[in-house]
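Here the structure is laid out as structure tokens; the discussion comes afterwards.
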There are 2 protein chains.
Amino acid sequence: MTAGPTAPKAQLIAAEVRRRIVEREWLQGDRIPDEADLAVEFGAARATVNKALQLLADEGLLDRKRRAGTRIAVNPVRKATFSIPIVREQIEAEGMAYSHRVIAQRDSPIPGDVAARTGLPEGSLLTHLRAVHYGDGKPFQFEDRWINRTALPQVAGADFRALNANEWLVQNAPYLHADVEFSAANADARDARMLQVRRGQALLILHRTTWNDLGPITTVRLACHPGYVMSAAS
Amino acid sequence: MTAGPTAPKAQLIAAEVRRRIVEREWLQGDRIPDEADLAVEFGAARATVNKALQLLADEGLLDRKRRAGTRIAVNPVRKATFSIPIVREQIEAEGMAYSHRVIAQRDSPIPGDVAARTGLPEGSLLTHLRAVHYGDGKPFQFEDRWINRTALPQVAGADFRALNANEWLVQNAPYLHADVEFSAANADARDARMLQVRRGQALLILHRTTWNDLGPITTVRLACHPGYVMSAAS
DNA sequence: TGACTTTCTATGTCTAGACTTATTGCTGTT
DNA sequence: AACAGCAATAAGTCTAGACATAGAAAGTCA
């Protein structure tokens, strides 16, 4: 994380400004010197300073406004980033053998909650898929997915027994926008059966919905095995 | 999300490349024209094309390597971003009145799990704080926090009854690095009492740990009220 | 006093050109 | 066939300069 001596100049400048903030040389709400001045101070072009400050603004450390200048954020709303994982890679990264089982795959009319999530009209016919992903034979994640065949006609020819839906979609349906929601739920009867846990067990639930230019592609509810932890950083 | 006609050129280029990927004009693993060619095609400077492609690479859509060129990612590991929220703002954003109550604040020897999380040695003395945050008088979040007084001597003088720890820290201890973990747990006796739910209720748990240049600042376990949903996007 | 206009400044963005550097793929040697 | 050395290439980065534009501050008029 600490920018080494060989790091690009913009990184070094960002690191130095970050240091001045963290070590409270510059305080909350303070206006910092403008780009031109910092450019002189650091012996860099203004574009380079601009890049560095943009970076810190993206991190939430700085507030920048035209003409008004750059200020240290008063209540820095920091942002964190996480990778949307591919189940198989995730399981294999933990040193386990991946396998999966398709529980059901059929076309069904859209249920109300899925309609709400996707914005699709009631009565639409979607492909409904349920599958369980295993690591070393133990249930890892239970997937309950709805796929919009209108935005993705190729679905008809896909065999999710061979390649799991997660990867098939990643490879066949790049999306423009995704929503992810984390929540917790007590395992219901189906969750419990699929994940081989007792009913009521607390599970981390991920809801993920993706869109491309034709509309919603897919929405999925992922129930993770107990003990599962999702990490993010910075 | 769709870059309008007035959007900056780099955004337009990014949007166009994104379109070619989503509409499968360019396929998985394909090498795309190099920056110089795209610059000519789009009538822009190479730096502008570079900015656009960097953006897409950060999104995970492209893989870029020196000399080897730019390729469409085969298994795009997409990234999503969320804001690390300030409890009070979060509650007020939902139109509720914020209040909080400090349950306990004392110095205690570090427990094992906190030592593991922070990397601090066993035997360290930390400030241990427990508080509940309420929205319209109903429990919203139960906070169990450990603060490293070594990295943050000012803690001694802080009154968390007046300003909650979350905001005090945001304003007094900007961090260089943060870890966030999501998991689920059944409410134990204390969780149940604090959040006024029945034991065993599934709760979304957030663990957040922050560091500055002096070492770990604080680590906190946040137990959210049932029904709480954490959202991320893109 | 308040509402409108103008001016001016700091950031936002782009350009053309240059230099740096990781990698690839070739070449000639063992 | 294996390997070392070398040149070509595409991305990574920076610079100096330019123009655009939001919005704060000052000035103008009713």
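Letters A, B, ... mirror the listed sequences (proteins, then strands); counts begin at 1.
A search for side chain to side chain donor-acceptor pair (under 3.5 Å) contacts involving A/R101 returns A/Y134, not counting sequence neighbours. A/H100 pairs by the ring pair (Phe, Tyr, Trp, His ring centres under 6.0 Å) definition with A/Y98, A/H133, not counting sequence neighbours. Partners of B/W211 by ring pair (Phe, Tyr, Trp, His ring centres under 6.0 Å), not counting sequence neighbours, listed by chain and number: B/H177.
Place B/G69 and A/R46 on DNA chain D by their nearest nucleotides, and B/G69 ends up nearer the 5' end.
Counting only residues at least two apart or in different chains, salt bridge (Lys or Arg N to Asp or Glu O under 4.0 Å) contacts with residues 44-55 of chain A comprise A/E35-A/R46. The ring-ring contact (aromatic ring centres under 6.0 Å, His included) analysis of residues 144-163 of chain B, with sequence neighbours excluded, yields the pairs B/H128-B/W146, B/F160-B/W168. Every pair passing salt bridge (Lys or Arg N to Asp or Glu O under 4.0 Å) that includes a residue from residues 137-155 of chain B is listed here, sequence neighbours excluded: B/D107-B/R149, B/E143-B/R145. Sorted by first and then second residue, the ring-ring contact (aromatic ring centres under 6.0 Å, His included) pairs with a member in residues 46-82 of chain A read A/F82-A/F182, A/F82-B/F82; sequence neighbours excluded.
Listed for the B/R71 side chain is a donor-acceptor partner under 3.5 Å among the backbone atoms of B/G29.
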When the side chains of residues 87-97 of chain A are checked against the rest of the protein, which donor-acceptor pairs come out under 3.5 Å, sequence neighbours left out?
unit_1, atom_1, unit_2, atom_2, d
A/R88, NE, A/E167, OE1, 2.9
A/R88, NE, A/E167, OE2, 3.0
A/R88, NH1, A/E92, OE1, 3.0
A/R88, NH2, A/E167, OE2, 2.6
A/Q90, NE2, A/Y228, OH, 2.4

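Within residues 47-63 of chain B, the residues having any heavy atom under 4.0 Å from DNA chain D are, by residue number, B/N50, B/Q54. Across residues 29-44 of chain B, B/R31, B/D34, B/E35 each have a non-hydrogen atom less than 4.0 Å from an atom of DNA chain D (numbered order).
Contact annotation: B/T70 reaches the phosphate of D/dA11 (side-chain N/O to OP1 or OP2, under 4.0 Å).
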Would you list the protein and nucleotides 22-28 of chain D atom pairs, both N or O, that sit under 3.5 Å from each other?
unit_1, atom_1, unit_2, atom_2, d
D/dA22, O4', A/R66, NH1, 3.4

Quick one: do A/T118 and A/T209 satisfy side chain to side chain contact (heavy atoms under 4.5 Å, CB included)? Show the steps, please.
CA-CA 7 Å; A/T118 57; A/T209 310; 4.3 Å; yes
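With rounding to the nearest 0.5 angstrom, the CG atom of B/L55 is 11.5 Å from the CD1 atom of B/I13. Note that CD1 of A/I147 is 10.5 Å distant from CD1 of A/I217, once rounded to the nearest 0.5 Å.
Side-chain atoms of B/L126 and B/L120, non-hydrogen and from C-beta on, do get closer than 4.5 Å to each other.
In summary, contact between chain A and DNA chain C, defined as any nucleotide atom under 4.0 Å from a heavy atom of the protein, begins and ends at C/dC8 to C/dT13 in the 5' to 3' direction.
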